[in-house]
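These numbers were taken from a predicted model, which means no experiment stands behind them.
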Protein chains: 2
Amino acid sequence: MTVHHQSGNDAPNKERIDAVRAFNRFYTRQIGLLDEGLLKSAFSLTEARVLYELAHRDGLTATDLGRDLGLDAGYVSRLLKKFERLHLISRSTLVSDARQSSIALTQAGRKAFAPLNQDSHDQIRALLDRLPASEQDRLVKSMQTVQRLLGENAEPRIPYLLRPLQIGDIGWITHRQGLLYAQDYGWDETYEALVAEILAAFVKSYDPKWERSWIAEREGEVVGSVFVVRKSDQVAKLRLLYVEHSARGLGIGKRLVEECIGFARAREYKTLTLWTNDILAAARHIYQAAGFKLIEEEPHHSFGKDLVGQNWNLDLLSSARA
Amino acid sequence: MTVHHQSGNDAPNKERIDAVRAFNRFYTRQIGLLDEGLLKSAFSLTEARVLYELAHRDGLTATDLGRDLGLDAGYVSRLLKKFERLHLISRSTLVSDARQSSIALTQAGRKAFAPLNQDSHDQIRALLDRLPASEQDRLVKSMQTVQRLLGENAEPRIPYLLRPLQIGDIGWITHRQGLLYAQDYGWDETYEALVAEILAAFVKSYDPKWERSWIAEREGEVVGSVFVVRKSDQVAKLRLLYVEHSARGLGIGKRLVEECIGFARAREYKTLTLWTNDILAAARHIYQAAGFKLIEEEPHHSFGKDLVGQNWNLDLLSSARA
DNA sequence: ATCATTTACTTGACTTAGTCAAGTATCTCC
DNA sequence: GGAGATACTTGACTAAGTCAAGTAAATGAT
């Protein structure tokens, strides 16, 4: 929870490295324990891993197996030969490449794999059973985070999605904005309080016909948000736009602002206005690109800093539609 | 972020089990990859693990090693014999038990272990280097969560600690209270908004001489909090007491209330008052035990529910000191 | 079209890491 | 003082995996 200003230095420090090493030792042992429980079967651990892959993916070749499980090619060859002898798999030479064949479990293969699979399933179930549901969720979430961060960094299928406000969001957004602006610009706790105040008022006086919020979610995590509130019949105000560092470059900020403009236009507001500070350069670029014009600037002392506040307006009547 | 009401059913569902199994497969491979990189050394993987243990812990016996690393006793015996032959370890029979001996790395042993250790360190460093610092932190945090949840559930050395408010806390507390009361009692988003409003006001008008907050932290995570605000010269008000489910039973609620009482007494308030709802039984027990008296009850409709609000007072002059 | 190179897989020969069971010395608990 | 447990050792063994050499097919450069 320590707030440290952005250092710009991403070098992994010793504590982090040691923590990862400690986890590796821990999990080596953990996997060892789980594997012990499965050793009574007729198959070795590696054989079971191969069967698992075959049961869950189609059209694998010997090379695929070796690569994905980290096995020696010769060893894979022998394993497959053994499986073939036991009629657990069938191979069909690929038409595209006569050297390779596509390997599939036979009916007998599936039957042999089933108890193995069940044992492993039961074992993990027993492991989870020791924890209450909320902790099970935390465990799974943490594992997925580890996997995503260490994995091939494949971009998620859906880069992000927008959804309306849910319970827990306004606290979360307050928390993140409070920390973010403290880290990036050294703002003090009064900014977080301001966010809390604005969001509390938004919920309390929420008028669904004239006001709206968008939460950007990525892989189940909130990575940005924006709010539109009614100032008058004619004027809507865009508030509290933010995007997490980790989700920048995906066009989320632009998209959020576009949603606001579209909503304001649909509700036939004449003007969309917003207040921001000149140091927030990334946001300013988005506003400018969307057609907002700077109306006035004024220095002020807030959040423990000397800042320059800016009011920007978008004329919804004259501005061209996207 | 889905809010589901407490089901009371902790049975691990299929998705969770599958997610854990997926993680195990992933990490088996991950460890395999890391191990490959270390195989050029003169020591086998298991030998390296044994050396690591010996380098980091004192007074180990052969049995300790076998148990902690999951190795066969005979195999450990042979490994140690080999290390002894190479003068990497020395054994000294325990005075308490002539069958066992305490094993320690010799100077030569440390020297042999150093490059292994460095390689492993460098490898993890390279792994982390691919991630920005913020993601490195998330990785480490997630790993620690996994380790804690799957580990021996050893109670942390320090069960919890109290600290003052920091940036990010009020948002976090709003988030957690919003979700907690939605899950447990079905309260709607207006409760979260109320929390946000109260906390925003607390920060904005904070008077350090007369007001205070306590955040309970456990293993780096916020697990509870309470606030005392000034109502008048004579009267202080305790607000927003909560403790996470995962941290209940540690006496944190009681301790937080005691801190409030101690503070109110030290500031020579005459009365400590609080408002709560009758369904919050756990909190009520704490207040009663601390000497609070129920002053009045009143039904009200808030947070989407019919509730019974209660005002409780503690007379700080007449009540006995703890 | 041809030939060198690479890739996919196979096979024989081998080693290593680990298991199992039987045995000795010592300790613990009645 | 003796039955049983524990800490380690040792001999006999084998499953698991490696390495290198080889074949057949595909690929890429001329």
Open item on the list: Rounding to an integer number of Å, can you tell me how far A/Arg91 CZ sits from C/dA8 P?
Closed with: 15 Å
Open item on the list: In whole Å, I'd like the distance from the CG atom of B/Asp64 to the P atom of D/dT6.
Closed with: 15 Å
- [ ] Please state how far atom CG in A/Leu69 lies from atom P in D/dA16, giving the value in whole angstrom units.
- [x] 15 Å
Task: side chain to side chain contact (heavy atoms under 4.5 Å, CB included) partners of A/Ile286, counting only residues at least two apart - done: A/Val257
Task: B/Tyr242: ring-ring contact (aromatic ring centres under 6.0 Å, His included) partners, not counting sequence neighbours - done: none
Under 3.5 Å between N/O atoms: give me all the protein pairs with nucleotides 25-28 of chain C, atom names plus distance.
residue	atom	partner	partner atom	Å
C/dT26	O2	B/Arg99	NH1	3.2
C/dC27	OP1	B/Ala98	N	2.8

Open item on the list: Can you build the contact string for nucleotides 17-23 of chain C? Use B for base contact, S for sugar-phosphate-only contact, and - for no protein heavy atom under 4.0 Å.
Closed with: SBBB---
Task: Residue pair B/Arg138 / B/Lys141, side-chain heavy-atom distance below 4.5 Å - done: no
Task: Any side-chain donor near an acceptor of the partner, B/Asn13 and A/Arg125, under 3.5 Å - done: no
Task: Spacing of A/Gln100 atom CD relative to C/dT7 atom P, expressed in whole Å - done: 12 Å
Open item on the list: Pair A/Asp119, A/Gln123 - check side chain to side chain donor-acceptor pair (under 3.5 Å), show working.
Closed with: CA-CA 6 Å; A/Asp119 280 358; A/Gln123 209 176 21; over 6 Å; no
TODO: Taking salt bridge (Lys or Arg N to Asp or Glu O under 4.0 Å) as the test, write out the residues that go with A/Asp72, two or more places apart.
DONE: none
- [ ] Answer with base, sugar-phosphate or nothing: what part of the nucleic acid does B/Arg67 contact at a heavy-atom distance below 4.0 Å?
- [x] nothing
TODO: Working to the nearest 0.5 Å, report the span between OG of B/Ser120 and CZ of A/Arg21.
DONE: 3.5 Å
Task: Of all pairs that satisfy side chain to side chain donor-acceptor pair (under 3.5 Å), the ones with a partner from residues 103-113 of chain B, not counting sequence neighbours - done: none
